[in-house]
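Notes for the one structure printed next.
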Amino acid sequence: MREHHVDVAIIGSGTAGMSAYRAALAHSPRVLAIEGGPYGTTCARVGCMPSKLLIAAAEAAHAVAEAGRFGVYIDRPARIDGAAVMARVRSERDRFVGFVTEAVQAWAPEHRLQGWARFTAPQTLEVKGHDGELHRVHAARIVIATGSEPHIEPAWSAALGDRLIRNDELFDWRTLPQAVLVLGTGVIALELAQALHRLGVRVRVLGRSQRVGPLTDPALQALARELFSSELALSLNQATPHLRREGDEVLLELDGRVERFDFALAAAGRHPLLAGLGLEHSGLPLQADGRLPFDPHTGQVGNSPVFIAGDANGERELLHEAADEGRIAGDNAGRWPDVRVRPRRAPLAIVFSDPQMAIAGRSHAELQAAGTPFLAGQVSFADQGRSRVMGVNRGALHIYAEVGSGRLLGAEMLGPRAEHLAHLLAWSVQRGDTVQQMLDSPFYHPVIEEGLRTALRLLQRDLRMGPPPVERCLDCGPGA
Ligand SMILES: Cc1cc2nc3c(=O)[nH]c(=O)nc-3n(C[C@H](O)[C@H](O)[C@H](O)COP(=O)(O)OP(=O)(O)OC[C@H]3O[C@@H](n4cnc5c(N)ncnc54)[C@H](O)[C@@H]3O)c2cc1C
Ligand SMILES: NC(=O)c1ccc[n+]([C@@H]2O[C@H](COP(=O)([O-])OP(=O)(O)OC[C@H]3O[C@@H](n4cnc5c(N)ncnc54)[C@H](O)[C@@H]3O)[C@@H](O)[C@H]2O)c1
């Protein structure tokens, strides 16, 4: 048994753990970063980056398929080479992973330990090292940055065995399969199902409820359901699907018919990866839902010298949040007991589907639950000038502002280039901009942002803070 005495131990060297390491190191050289799996982070290895690489291939295929709408014809039938698609996904992914791995390997060797950590007592961890040794780590402070794992219904794995896959396996495919059943209708499900569908894979998406994607505004949720079901085979309200395996095939029995797939992809949400950490020995207060209670402004778990960051806390399972939370937790672990409160950024979440979806600032559901007096300004992209020009005129934007002050509180959107509009909106929410301040900002012509201006003008009128907007306003430019 090798003994280690450190000021800060960090469990997990993903995005949150890496930023916690850098922040803690500013306070003490006695920092130990423990990683059980491969270096490279979930985001780069099996998350954000490979999924966007697959989507990029799907966008190329879709552009070819849609070119005829513009009078551009590709005479030969387009051919999708699944092996080439997956080769690019893997090689670009490996490049991103390489940068991350290099960064970790540049850390001092005495700062790194590879093996799975578990608590054996408060402030004491045991690690079965990849070096074959057993390590005991006595840490004055600990950062838990263990990430998350997909939710798997036991019935699915019992029925399907290794034909039930997670996002991790998908990005290692050597070629594209014929058919995939996607379990879930959330972010991962929609991004991957649509990409696979556009790359020629037969896809069915099963939802346990009516919900499609993360938007909470009822009108936008209904629009999302309509738009995605017009392209994808969506089967909703399937809480207990009839699944079985025959040889290497997944069989789904639905409405008296049997459909066959090569794989079923579990995309039914993710939960903090805390099982196996021996939390029962940690002295930490566990909530009934198995999560650790923590302060999002400090990362601190209760009053303990333990901090939690990233997907492990189960709050905002996003890359930029993991990086921020890691920095906050690592800094506070380093400076303990002088724990500092840090402001958080305005919420921002984007789904890279087509049309994209985004929530900036507070969602419709959050505003309603808080009882905040607010009004919504709305615009449809169906008739929006630049969106029509580019043939991407599907979706709508709803922006929410506080009654009385006109301050922008949040927005939800389903539509073209939502990733860019959502950034502008989140920045305005964070600055505390009013609808008037946003309207005073420049709007170019012809751009998709002109749709935002229409929504702002309508909202300004409804807040009784401005005149009714001019119908088909000419100085706004045609189609604005
Ligand atoms: C398919 C997919 C697509 C995504 N796309 C996006 C996107 O486009 N944009 C976005 O913002 N977010 C996206 N995300 C979410 C984003 O990837 C995560 O929020 C982020 O990676 C979380 O970082 P983390 O540091 O908390 O966890 P991780 O990067 O998973 O790091 C946790 C680390 O802890 C290690 N660990 C766990 N337990 C132990 C233990 N007991 N001992 C030692 N080590 C341990 C793990 O091996 C792992 O390396 C996506 C996620 C998925 C799955
Ligand atoms: N573009 C991005 O930023 C991006 C992309 C992918 C993932 N992520 C992050 O990863 C997280 C996890 O993604 P996700 O898509 O797994 O989760 P999600 O919360 O977006 O969706 C979960 C889906 O699973 C369904 N579901 C839950 N339990 C089920 C059950 N027992 N049976 C059937 N369906 C069930 C839900 O109804 C929902 O449709 C996201 O919340 C997001 O934070 C982000």
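Because the structure is predicted, anything quoted here is derived from the model rather than measured. Each ligand, and each atom within it, is numbered from 1 in the order the structure gives.
When only non-hydrogen protein atoms are considered, atom 3 (O) of ligand 2 lies nearest to I350 O, 3.3 Å. When hydrogens are left out, the protein atom nearest atom 44 (N) of ligand 1 is G36 N, 3.0 Å; that is the closest non-hydrogen contact. In this structure, the protein non-hydrogen atom closest to atom 8 (O) of ligand 1 is K52 NZ, 2.7 Å. At the top of the distance list for atom 29 (O) of ligand 1, counting protein heavy atoms only, stands T42 N, 3.2 Å.
Side-chain N/O atoms of H4 and H135 include a donor and acceptor closer than 3.5 Å. Remark: the H364 side chain and the Y400 side chain contain no N/O donor-acceptor pair separated by less than 3.5 Å.
If you check each of G186, S353, A189, G269 against atom 17 (O) of ligand 2, the one with the closest non-hydrogen atom is G269. In this comparison of A145, A309, A323, S13, the heavy atom closest to atom 32 (C) of ligand 1 sits on A145. The option from L183, L190, V187, T185 that lies nearest to atom 4 (C) of ligand 2, judged by heavy atoms, is V187.
Of all the heavy atoms of L206, none lies under 4.0 Å from any atom of ligand 2, so neither backbone nor side chain is involved. At a heavy-atom cutoff of 4.0 Å, ligand 2 is contacted by the backbone of A267 but not by its side chain. Both the backbone and the side chain of D311 come within contact range of ligand 1, each with a heavy atom under 4.0 Å. When heavy-atom distances to ligand 1 are checked against a 4.0 Å cut-off, A16 comes that close through both its backbone and its side chain. At a heavy-atom cutoff of 4.0 Å, ligand 2 is contacted by no atom of R211, backbone or side chain. The side chain of E191, and not its backbone, has at least one atom closer than 4.0 Å to an atom of ligand 2 (non-hydrogen atoms only; side chain from C-beta on).
Near N167, meaning under 4.0 Å from any of its heavy atoms, are these atoms of ligand 1: 1 (C), 53 (C). When each atom of ligand 1 is checked for a heavy atom of G310 under 4.0 Å away, the hits are 26 (O).
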Would you be so kind as to tabulate the donor-acceptor pairs closer than 3.5 Å made by side chains of residues 175-186, with sequence neighbours excluded?
unit_1	atom_1	unit_2	atom_2	d
T175	OG1	A83	N	3.2
T185	OG1	R211	O	2.7

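Taken to the nearest 0.5 Å, the OG1 atom of T124 stands 12.0 Å off from the CZ atom of R118.
Residue G17 has no N or O atom closer than 3.5 Å to an N or O atom of ligand 1.
When the salt bridge (Lys or Arg N to Asp or Glu O under 4.0 Å) test is applied to D331, the partners found at least two apart in sequence or on another chain are R335, R342.
Ligand 1 lies less than 4.0 angstrom from a heavy atom belonging to F352.
Taking the six-membered ring for Trp, W107 and Y39 have ring centres at least 6.0 Å apart.
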